[in-house]
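Every chain is numbered from 1 and lettered A, B, ... according to where its sequence line falls, protein lines coming before strand lines. Every heavy atom of this structure was used, including side-chain atoms; hydrogens, water molecules and symmetry mates were not.
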Amino acid sequence: MSQTKHFEQKWQAKWESAHVFEADPDPKRQKVMVTFPYPYMNGPLHVGHTFTASRVDAYARFKRMQGYNVLWPWGWHWTGQPLLGASQRVARGDQEYIRVLLEVDGVPEAELKKFVDPLYMAQYYTNEGRLAAKSIGFSVDWRREFTTVMPTYQKFIEWQYKNLKEKGYVTRGTHPVVWCPKDKSPTGDHDRQSGEGVTSEEYTLIKYKLDEKTYLPAATFRPETIYGVTNMWINPDAAYVEATVNGENWIISQEAAEKLKEQERKVEVKREFKGKELIGKTFENPVTKLKFPILPGWFVDAKQATGVVYSVPAHAPYDWLALRDLQEKPEVMADFGVDPQLVLGIKPISIIKVEGYGDFPAVEIVEHMGIKNQHDPKAEEATKTLYKKEFHGGVLKASCGPYAGKSVREVKDILIKDFKKMGVADSMYDLPEPVICRCMTQCIVKILSDQWFLNYSDPQWKQKAHAAVAQMNIYPDSAKPWFNTVIDWLREWACARTTGFGTPLPWGKGWIIETLSDSTVYMAFYTVNKQIKQNNVKAEALTPEVFDYIFYGKGNPSELAKISGINVDLLEAMRAEFLYWYPFDLRNSAKELVPNHLSFCIFHHAALFPPEHWPKAIGVNGMLMVEGKQMHKSKGNFITMKGAVEKYGADATRCGLLLGAEGMDDPDWRAENISDLQGKFEGLMGFASGIIACAKNGEDTMLERWLQSKLQSRIKEVTASLDELKTRTALQVALFETWNDLRWYIQRKGNTNAKALGDAVKVWLKMLAPFAPFLCEELWSQTGEEGFICVAQWPTFDAGKVDVAAEEQENLITDLMTDTSNILKAMKITPKRICYYTAAPWKWQVYLKILDKTTAGEAKINELMKEFAADKDLKPHMKDIAGLVPRIIKALTKVSGERKANMQKIKAVDEQTILEGAVGFLHERFNAEVSVYGENGEARFDPKQRAAMAMPYQPAIYIE
RNA sequence: GCAGGGGUCGCCGAGCAUGGUCAAAGGCGUAGGCUUCAGGAGCCUAUCCUUCAGAGGUUCGUGGGUUCAAAUCCCACCCCCUGCACCA
């Protein structure tokens with residue numbers, strides 16, 4: 001076993017036996033409750049989960065070290081269809097799927113056999129998931145764990161839905177869904193062989209009259225064009241039927257009759273016939289009462305909607321093309337026994353005025369695009385273009401009855417409503433493209449009746465949800481407007497279905513609460529599930545009244561105790577526990593959940609809880625990529641949490657992920673980076689151990705003060721970043737930048753003996769502990785400190801330890817080194833001897849004066865010169881000052897405001913002493929003899945007269 | 001199509017809100033040196049171009065604009081990612 005593995009297991013066991021992550025209410029301490037959306041258990045936890053949860057864990061550990069009482073509970077989502085589907089695929093012997101389970105998920109064959117039981121499968125993954133979460137070091141209170149099929153959880157969901165219903169958030173209605181006739185269930189995107197993303201569209205059917213008792217319901221998205229109809233198109237070769245539809249006599253395609261049966265229509269087919277039978281007959285426009293002929297249109301697809309299409313050649317390219325085709329070959333009409341004159345006499349009727357087109361936009365666009373005939377693929381594009389143009393910019397002309405003068409966009413919905421009221425229109429749903437189910441059956445649109453909805457359309461509910469968003473923190477801030485747009489955008493959500501695992505709807509037989517709807521406020525359940533499990537409270541006892549008491553304080557505990565059999569103390573303890581922990585302080589997930597789960601969570605909290613129990617903060621992060629691509633089991637780039645920890649160790653996995661991205665950016669998992677980091681951590685262990693072993697001497701030179709000072713700014717930045725869930729920045733600073741500080745100190749110092757260095761390493765480990773907990777525990781134990789680092793006190797910024805003089809001293813050294821190497825680079829030589837010359841005192845006087853002026857406002861050279869001339873100490877140097885002033889002004893423009901302020905604070909610097917102290921270091925660096933002189937030093941070696949160039953903070957240099 | 005997020009010096013990624021301190025942090029990679037029996041690790045240095053003196057030049061998706069000054073502000077365009085509903 002590797003050393004890493006060894007101490008990871010050691011510390012995991014120690015934390016567990018010390019119960020450090022088990023959190024109970026403690027009135028003396030402030031609480032922080034963090035949550036992570038429970039993962040769905042049809043597979044193992046993967047690195048995507050790991051990324052999101054690592055952010056939660058880093059935050060939890062950080063807050064715990066800050067002294068908060070931190071609760072992080074965890075649960076498992078078993079609700080829904082996919083678990084059943086997965087199990088069925090195993091039962092069916094789906095080799096492809098079984099291979100994935102064996103090879104990707106790493107399921108042993110003996111276990112796999114038992115997956116024919118979906119609950120067994122879920123339990124298997126749950127057990128594996130728990131082990132993985134523990135092995136990566138998530139600081140979870142496992143006493144509160146549950147799955148969503150546990151009876152006690154289901155009682156909670158019953159309580160939730162009872163309340164939602166009573167408050168009027170649950171409504172009933174009908175809804176069209178993509179439906180597999182064979183499976184007899186809705187076919188979601190994941191269940192489809194082809195046709196992903198296809199959703200149903202609603203057509204308006206205009207009920208043209210064939211005769212007094214027979215209708216030709218023509219399907220359209222543009223019912224306003226009824227005023228421009230010139231004829232009807234029927235595919236002469238397609239099969240049509242005459243059928244009674246809800247008591248009316250309709251002529252529609254054979255397929256349409258079947259479809260309508262699933263859309264709440266009573267359909268009785270009376271006879272079947274070919275379309276050509278209709279050609280040449282006339283029909284009546286039910287609005288204008290005018291009569292028009294029925295013509296053959298081969299472009300008409302009987303599989304689409306009713307298979308009956310009316311023709312508006314002025315505004316619909318297909319209609320114009322079909323008409324033109326016929327008019328060019330009127331003889332085809334003879335085949336149907338129809339007088340060709342009937343066709344030749346048809347003229348387009350203009351009804352919509354639209355900018356950029358004349359009276360007949362369809363005719364124009366066909367000509368402009370050079371479309372040949374009704375079979376030309378460009379006709380589709382022309383249709384779309386014109387539809388959009390006329391919808392957005394079209395105005396109905398005088399011939400359009402009561403709608404004349406109105407824009408198409410504003411009138412469309414009104415017109416549909418009116419026509420339906422008049423009995424001249426109906427509607428049906430259909431799919432714009434074919435959808436094939438996994439079972440290879442072609443899907444249709446079915447209208448589900450008596451469907452239950454969460455009424456997210458309710459404006460008052462939306463308003464409350466907005467209020468909830470307004471009072472919480474969202475990380476990153478830029479996600480806040482997104483939540484608000486989603487809240488505005490959500491509509492009724494079907495919250496129950498008939499198949500899959502889940503909690504039965506308390507009032508609706510045969511309905512099961514759908515998976516995104518049973519996972520919205522369960523964070524509240526964590527607060528009391530500890531007691532429920534510890535006291536073995538039976539589900540039957542958890543009546544809605546009991547939960548009303550726990551969550552709302554409603555009712556009398558002693559009476560409830562009698563009825564429920566739960567004793568009063570326990571009831572009161574549960575109420576107290578809820579009140580202590582709720583609301584949660586952070587919920588963090590990937591951004592894919594913003595438009596659904598996270599928004600639902602906000603909606604439901606707003607509906608069920610008073611504002612003081614609304615979420616405090618929500619964090620959103622990107623979607624994990626693997627080697628630049630989306631992770632997929634089928635793509636062969638699926639990495640499990642367990643696998644990652646085994647291969648790279650927990651700390652490297654966590655940190656590798658967290659260094660990937662923050663905010664809403666997508667992190668990219670690169671195996672090479674993770675294993676590099678693993679190596680880095682090994683190096684870190686040796687580095688830190690070495691220091692811990694020998695840093696004992698109580699020195700306190702400028703260098704120790706520099707280290708201490710530098711550390712303060714690191715502490716400040718890491719703390720501030722973690723508070724905003726900027727985990728990447730925080731880790732970056734904690735790990736790399738602080739490490740670089742320590743290295744610099746050691747180089748300058750030349751040894752690692754100072755106790756101050758050891759203290760700095762301890763601070764460093766504390767800052768790293770939320771990210772790399774195992775390694776930090778291990779090193780912490782070497783420092784001789786008592787207790788776990790995971791509950792050690794988080795370092796706090798101490799302004800008293802900031803030493804700007806020490807920092808400026810080091811800045812002087814680094815600047816000087818940069819200049820020196822710049823010169824060396826330009827000279828392209830290996831130096832033998834380097835001489836530095838520090839500025840004379842009078843130059844400091846000038847420098848500081850200019851510094852004051854530049855920070856106060858503008859430094860005017862002539863005014864400065866006057867002031868300097870008036871100073872009797874400076875008077876003798878006026879000739880040199882004239883050249884020096886512009887140089888100083890220029891040099892100062894490159895100095896940051898912060899450093900200028902520091903320079904003002906510390907005044908003149910004893911560069912001579914500082915540089916002399918660094919001679920040994922500089923000598924090693926440049927591998928040359930290094931000497932330091934004052935610019936007027938008597939014994940100075942200055943063959944090229946460089947010394948006079950010296951400026952404060954910029955000693956002159958001579959190299960040979 | 002609608003909505004949200006992006007395009008930065010080999011790669012990953014800071015910076016952009018509050019324009020100058022930005023040739024632009026940090027990590028990785030690469031090159032050289034030190035250390036080592038060797039390998040690895042570690043440590044140091046360099047890494048847009050030019051420059052024998054600490055300097056200059058050209059860069060931040062594309063094209064315009066504002067300004068003494070723009071990676072940062074404004075406009076237009078191109079490209080990429082994510083979500084879009086009965087499903088986790």
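Considering only the side chain of Met664(A), G4(B) comes nearest among G4(B), G83(B), G54(B). Listed nucleotides: A88(B), A53(B), G54(B). Nearest to the side chain of Gln81(A): A88(B). Among the nucleotides C43(B), G5(B), G27(B), the one closest to any side-chain atom of Phe736(A) is G27(B). Listed candidates were C52(B), C81(B), A14(B). Nearest to the side chain of Asp666(A) is C81(B). When each of A3(B), A53(B), A25(B) is scored by its nearest atom to the side-chain atoms of Ile823(A), the top-ranked nucleotide is A53(B). Ranking C52(B), C12(B), A88(B) by closeness to the Arg670(A) side chain, first place goes to C12(B). With A25(B), G29(B), A53(B) as the choices, the nucleotide that has an atom nearest any side-chain atom of Asp676(A) turns out to be G29(B). Residue Thr515(A) places its side chain closer to A88(B) than to any other of A88(B), G54(B), G27(B). When distances are taken from the side chain of Thr199(A) to each of A88(B), A53(B), A85(B), the shortest belongs to A85(B). Taking the side chain of Ile957(A) as heavy atoms from C-beta on, and the options G54(B), C52(B), A88(B), the nearest nucleotide is G54(B).
Comparing the same atom, C1', in G32(B) and in G54(B) gives a spacing of 23 Å after rounding to whole Å. Across A71(B) and U59(B), the matching C1' atoms stand 10 Å from one another, rounded to whole Å. Between the P atoms of G26(B) and G57(B), the separation comes to 24 Å (whole Å). With both ends at atom P, the span from C60(B) to C48(B) equals 16 Å, rounded to whole Å. On the C1' atoms, A25(B) is 14 Å away from C16(B), given to the nearest whole Å. The gap from the C1' atom of A70(B) to that of U21(B) amounts to 15 Å, rounded to the nearest Å. Taking atom C1' in both A38(B) and C22(B), one finds a spacing of 45 Å when rounded to whole Å. The C1' atoms of G39(B) and U35(B) are separated by 14 Å, rounded to the nearest whole Å.
Here A55(B) sits opposite U50(B) as a Watson-Crick or G-U wobble pair (both hydrogen-bonding atom distances under 3.5 Å). Across every strand in view, C43(B) sits in a pair with G33(B) that passes the Watson-Crick or G-U test at under 3.5 angstrom. Using Watson-Crick or G-U wobble geometry with both donor-acceptor distances under 3.5 Å, G63(B) finds its partner in C75(B). Nucleotide C68(B): paired with G20(B) (Watson-Crick or G-U wobble, both distances less than 3.5 Å). Using Watson-Crick or G-U wobble geometry with both donor-acceptor distances under 3.5 Å, A14(B) finds no partner in any strand shown. Pairing for U82(B) goes to A3(B), judged as Watson-Crick or G-U wobble with the two contacts each under 3.5 Å.
Atom CD of Gln678(A) and atom P of C28(B) are 15 Å apart (whole Å). Here the C1' atom of nucleotide U8(B) and the CG atom of Asp665(A) are 13 Å apart, to the nearest Å. Per the geometry, CG belonging to Leu624(A) stands 12 Å off P belonging to G13(B), to the nearest Å. Atoms CD (Glu737(A)) and P (G27(B)) sit 8 Å apart, rounded to a whole Å. The nearest whole Å value for the distance from the CG atom in Asn673(A) to the C1' atom in G26(B) is 13 Å. The separation between Trp739(A) atom CH2 and C44(B) atom P is 10 Å, rounded to whole Å. Between Leu454(A) atom CG and A85(B) atom C1' there is a gap of 13 Å when expressed in whole angstrom units. For the pair Leu735(A) CG and A25(B) P, the computed distance is 19 Å after rounding to whole Å.
Within the 3.5 Å criterion, the main-chain N or O of Leu431(A) finds no donor-acceptor partner in the side chain of Ser200(A).
Counting any heavy atom pair closer than 4.0 Å across all strands shown, Phe687(A) reaches no nucleic acid atom. Nucleic acid contact class of Pro831(A) (heavy atoms, under 4.0 Å, all strands): none.
Defined by atom type and a distance below 3.5 Å, a donor-acceptor pair is present between the side-chain atoms of Trp78(A) and Thr126(A). Under the 3.5 Å distance criterion, with hydrogens and angles disregarded, no donor-acceptor pair is assigned to the side chains of Asp518(A) and Thr503(A).
Residues Ala956(A) and Pro176(A) both approach RNA chain B. Their nearest nucleotides, taken by heavy-atom distance, put Ala956(A) toward the 5′ side. For the pair Arg491(A) and Val486(A), both in contact range of RNA chain B, the more 5′-proximal nearest nucleotide belongs to Val486(A).
The side chain of Lys680(A) contributes an N or O atom lying less than 4.0 Å from OP1 or OP2 of C28(B). Here Asn740(A) reaches the OP1 or OP2 of G27(B): one of its side-chain N or O atoms lies under 4.0 Å away. At least one side-chain nitrogen or oxygen of Lys825(A) sits closer than 4.0 Å to the OP1 or OP2 atom of U47(B). The phosphate of A53(B) (OP1 or OP2) has no side-chain N or O of Arg946(A) nearer than 4.0 angstrom.
The six-membered or imidazole ring of Tyr429(A) lies away from that of Trp179(A), with a centre-to-centre distance of 6.0 Å or more. The aromatic ring centroids of Phe600(A) and Tyr456(A) lie less than 6.0 Å from each other.
Aromatic ring orientation, Trp739(A) versus Phe687(A): tilted (interplanar angle from 30° to 60°). By the 30° and 60° cut-offs, the orientation of the rings of Trp744(A) relative to Phe921(A) is perpendicular.
Between the side chain of Asn822(A) and the base of G54(B) there is no donor-acceptor pair of N/O atoms closer than 3.5 Å.
Under the 6.0 Å distance and 45° angle rule, Lys944(A) does not count as a cation-pi partner of Tyr958(A).
Separating the NE2 atom in His632(A) from the CG atom in Asn637(A) is a distance of 8.0 Å, to the nearest 0.5 Å.
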